[in-house]
Structure formats: structure tokens, C-alpha cells
There are 2 protein chains.
Amino acid sequence: MDKNLKRMATMQRMQITGLELFYKKGYYNTSVDDILKELSLSKGAFYYHFDSKEDFFIQIIENLLVRRIYSMLIEPIEGHDNALELITNCFENALETAVHNELDYGFVLNNFMNEFNGRNENIMKHLNDILKIWEVNLVSTIQKGKFNGHIDRHVDAEGVALYLMSSYIGVRTLMVENSPSARKYRFMAQLKHYFKSIEVKQSAF
Amino acid sequence: MDKNLKRMATMQRMQITGLELFYKKGYYNTSVDDILKELSLSKGAFYYHFDSKEDFFIQIIENLLVRRIYSMLIEPIEGHDNALELITNCFENALETAVHNELDYGFVLNNFMNEFNGRNENIMKHLNDILKIWEVNLVSTIQKGKFNGHIDRHVDAEGVALYLMSSYIGVRTLMVENSPSARKYRFMAQLKHYFKSIEVKQSAF
DNA sequence: AAGATCACCGACTGGCTGGTCGGTTTAAGT
DNA sequence: ACTTAAACCGACCAGCCAGTCGGTGATCTT
């Protein structure tokens, strides 16, 4: 069983370094040798554990990327509290970690979708699945908010979800280059403005 | 002078096809030969007109990309009419052309920034400049709106501009894969919601 | 202890890429 | 008609990349 442990450890190491480099330099711009050099491993080791570069990346998606998105954007908004508050806090936290990223390259999922769109249908399918899960989750959170009386019953949940996803993806891109901290602050302020326009009017006077 | 005309024509042809392929397949994934094959031209012709692949791309940015962004996102919001209406119409039109794009790969500028971020500082600078021009223009349009009495005097113009850019960049990405037309519709509806939250309250009754 | 299997090594291959360069065609100037 | 230079050709080069394969030492099984 010790063998199996070693196997898992090596594969894990490869995937972590792989994601790091793919995120930093892009998939097509990162050679398998780049990753191997970083780990002091050989071609043989790589192709012993993975069928191909593509297979390697898909495993990274399933093992690392999915979980990352889940813990960052999906799990935090599950629950029955005030939906808008949950989402606000979730975005706040997600953007905060982005601010503290030494080298930030934007929203991982978005970067990869951008790179593979029209180039690799197979990988695109996997990435799109994650996005869809996020969307479904946002929609159901907003629906819950409508039932709970925190959100105006007339709002289009799918529309709100789309608008939230859009703005998040966009601001993550814009935070990369210029004063991420200030942009985060500005963004959150506008998000709250927007939320005011869709929450139930507390008291008609 | 005929020589000069031919020169310009060839360079123009190369750049148009170049942008097309770079947009479709990405810069690093498109070889100079790919472009030349499309045009039935030779390596010699390419390196006669351009110093390098990078020089070629920068000229594409200056000659084609800048103008495209200008005519699509900048010029339409210049003027002294209702700022929010100008922006709404501008986004409406920009997204409509995206809907009708047979093969859509998202917001060109965003795609390229994504690809070059952390990889080519020189090109990034050029792309960032375009983004900055867009931002400055949006901010000044919103400022005008505040003076004209269409937008609440208390709103943060930079914040609104950032939020608008973010959501536009994001929705263009999300329109690529799934039902662009429906998403455009939903997006525009939410944009109007948002705008309602920052326009001056017409009548307090 | 012997054999088998695992985990890994690294030289190698074939295909592609950005860029070079000596040469040829085309057209303008005189 | 002749010169000259612009516009273009395409074989070639060096370097890189994904993937292959014959081998080797470590570890487990019996």
C-alpha cells in the first residue's frame, strides 16, 4: 500500500505544479518539460502517470479546479440566510483573496475558457460544467431569497445570476492590472447599489 | 505611387487575416505560416513588410483593434444626451453584433489581454491603453450625466464605469457558449435595473 | 532470496515554429 | 531599352514540443 501512497503523492505534486504553471503561463504556453523541470522529474514519470497532456489537464480540472470553485463561490452561498448578504460576503471574500495574490492572472476558470474556446471542445465541456454549476447555484440562492422575502418577487433570478457572474468575471480581469484593492472596493459598492434595486422595498411610506 | 498602394494593400490584407486568425485561435496558437497560407503569400513577403510576429501584432492593434473599439464602444457614448441612455444603446448594439457573429470568441480585447497577461509586457501595454481610453470615456460620460441631471449627484463615476466595464467583459464571455441572444436580453434587463438605482429620482411623491 | 511489478529515467523522434537569406519577378523611372 | 529597387518566393536553420521506449533501481510478494 506504500506504493499507492507514493503514486498519489507524485500525481498530486504534478497536478498542483501543473495548475500553477498553466494558470500563470497558459496551457499551450507551458510545456510538459516546464512542469517536470520545476519538480525535478522526467518525461518517463509524467507519461507513466498520465496518458497525455490533455488527460493531465482534465484531471487537474476534476481534482483541483472544481474544488477550488466550490469552496470559493458555491458553498459560501448555500444556506437559508439572506441571499443578497450571502452573495455579498462571498464576493467580498473571493475578491479579497485575489487582492492578496502576489501574481494574479484573473479568474482561473475564465482564463482557461478563454484559452480553450474554439480550440479544444473536450476541455471546454469540462470547464463549462463548472460554470453551469455555479450558475445553477446562484439561481437557486436567488430563488430562495425571493421566497424568504429578501428579494423582490418580480425579479428574474436567471437574469440576476447572469449579471452577477458577468460582473464578477469582468472585475477579476480588471483587477489584474490596476490597483486591485481600489477596484475591489469600488466594485463592491456598486454591487450593493445594484442589490438595493432588486431587494424588497422595506417600507412603503 | 502605385507601388505604395500595393504595399498598403498587401499589409492591410495580412493584418485583417491576421486579426481574424489570432482572434479565432489565439496569438501563440496561430503560426505566421497559418496566416500566409490563408493569403497564398510567402514567408518572404511577411518579413519584408513586418519586423517580427510581435511587431505585426502591435500594428494590428494600432490599425484595426483600436478603431474597432472606438467605433463600437467609445464614439457611441460621446455626446450630451442622457448618459444612461447613450450607454444602454451602445451596449445594446455592441452585444447585438456579438449575437450575430457566426463564430464568437468573446470580447476581442479581453481575450488578448487574457492571453498576454504575464507573458508579453509590451503588447499588454498597448492593450491596456485601449482599455484605459474606454474607462476614461465612460467616466467622463457619467460625469456629464451627473451635470446634466440624469444621474444622481452622489454616485461614484469611476465605480459605475468599472462596474459597467466588468459586466460587459463578463457577459461577452458568457455569451460565447450558451444562447447568446437570451443572455443579451437578460443582461440588458438587469443593466436597466442597475441604472434605475443610480439615476436621479424623478419625482418624490 | 528470487521474481515480479512499480516508479521513474533520459535519449530520441517527428513535426512544427519564428526567423533568415539568396534569388526571382514586377513595375517605375529615365 | 535599360537600370534599379520594391515586392515577393521558398528552401533552409535552429530550437522547441508532445509523446515513445528500452532500460534501471527500489520495493513488494511469495
Side-chain angles (χ1 to χ4, degrees), chain A residues 1-61 63 112 115-116 119-123, chain B residues 1-61 63 112 115-116 119-123:
Chain A
M1 289 309 103
D2 210 48
K3 279 282 179 66
N4 206 11
L5 259 177
K6 182 165 198 199
R7 177 188 175 80
M8 300 282 276
T10 305
M11 287 176 79
Q12 187 83 352
R13 261 181 2 113
M14 283 178 177
Q15 289 178 38
I16 289 170
T17 307
L19 178 54
E20 201 179 300
L21 289 186
F22 286 147
Y23 176 49
K24 195 192 309 194
K25 312 203 299 163
Y27 174 83
Y28 292 111
N29 255 321
T30 306
S31 70
V32 173
D33 281 321
D34 287 342
I35 298 160
L36 265 6
K37 199 190 294 169
E38 192 86 7
L39 294 162
S40 300
L41 284 171
S42 70
K43 270 273 168 74
F46 184 86
Y47 283 96
Y48 174 72
H49 290 295
F50 303 98
D51 292 343
S52 65
K53 192 185 178 187
E54 179 173 328
D55 167 59
F56 176 58
F57 188 71
I58 289 174
Q59 295 213 37
I60 289 180
I61 296 176
N63 293 329
F112 287 138
E115 184 168 8
F116 291 111
R119 271 143 251 166
N120 189 318
E121 225 176 293
N122 187 19
I123 292 181
Chain B
M1 291 304 106
D2 209 46
K3 278 281 178 68
N4 207 9
L5 259 178
K6 180 162 201 201
R7 177 187 176 80
M8 300 282 276
T10 304
M11 288 175 78
Q12 186 83 351
R13 260 179 6 111
M14 282 178 176
Q15 290 178 37
I16 288 170
T17 307
L19 178 54
E20 199 178 301
L21 289 185
F22 287 147
Y23 176 48
K24 193 191 311 195
K25 312 203 299 164
Y27 175 82
Y28 292 111
N29 252 323
T30 305
S31 69
V32 174
D33 281 321
D34 287 343
I35 298 160
L36 263 7
K37 199 190 295 171
E38 192 85 7
L39 294 162
S40 300
L41 284 171
S42 69
K43 271 273 173 68
F46 183 86
Y47 283 95
Y48 173 73
H49 290 295
F50 303 98
D51 292 343
S52 65
K53 194 186 176 186
E54 178 173 329
D55 166 59
F56 176 58
F57 188 71
I58 290 174
Q59 294 214 36
I60 288 179
I61 296 175
N63 293 329
F112 286 137
E115 184 167 8
F116 291 111
R119 272 143 252 166
N120 189 317
E121 224 176 294
N122 186 19
I123 291 180

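The sequence lines fix the lettering, A, B, ..., with proteins before strands; numbering per chain opens at 1.
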Could you check how far [atom1] of [X] sits from [atom2] of [N], rounded to whole Å?
| X | N | atom1 | atom2 | value |
| --- | --- | --- | --- | --- |
| B:R7 | C:dA28 | CZ | P | 16 Å |
| A:F46 | C:dA11 | CZ | P | 19 Å |
| A:Q12 | C:dA7 | CD | C1' | 17 Å |
| A:F50 | C:dA7 | CZ | C1' | 13 Å |
| B:I35 | C:dG19 | CD1 | P | 12 Å |
| B:Y28 | D:dC16 | OH | P | 15 Å |
| A:L36 | C:dG10 | CG | P | 11 Å |
| B:Y47 | D:dC12 | OH | C1' | 14 Å |

Exercise. Do the two ring centres, one from A:Y47 and one from A:F56, sit under 6.0 Å apart?
Worked result: no

Exercise. So, is A:T10 close to the C:dC8 phosphate, meaning a side-chain N or O under 4.0 Å from OP1 or OP2?
Worked result: yes

What's the closest nucleotide to the side chain of [X] if the choices are [options]?
| X | options | result |
| --- | --- | --- |
| A:K6 | D:dC9, D:dA18, C:dA7 | C:dA7 |
| A:Y48 | C:dC9, C:dC6, D:dC9 | C:dC6 |
| B:S42 | D:dC9, C:dG18, D:dG19 | D:dC9 |
| B:S31 | D:dC8, C:dT17, D:dA18 | C:dT17 |
| A:K53 | C:dG19, D:dG19, D:dC9 | D:dG19 |

For this session: Could you say whether A:E54 or B:H49 is positioned toward the 5' end of DNA chain D, judged by the nucleotide with the nearest heavy atom to each?
Result: B:H49

Problem set entry | Most 5' of A:N29 and A:D51 on DNA chain D, judged by nearest nucleotide | A:N29

Exercise. Where does the angle between the aromatic ring planes of B:F57 and B:F22 fall among parallel (under 30°), tilted (30 to 60°) and perpendicular (over 60°)?
Worked result: perpendicular

For this session: Could you tell me whether the side chain of B:K24 and the main chain of B:T30 form a donor-acceptor pair under 3.5 Å?
Result: no

For this session: Using atom types as modelled and distance alone, determine if a side-chain donor or acceptor of B:E115 lies under 3.5 Å from a backbone N or O of B:Y27.
Result: yes

For this session: Could you tell me the separation between the CG atom of A:D33 and the CG atom of A:L41, rounded to the nearest 0.5 Å?
Result: 11.5 Å

Problem set entry | Side chain B:K43 and base D:dA11 donor-acceptor under 3.5 Å | no

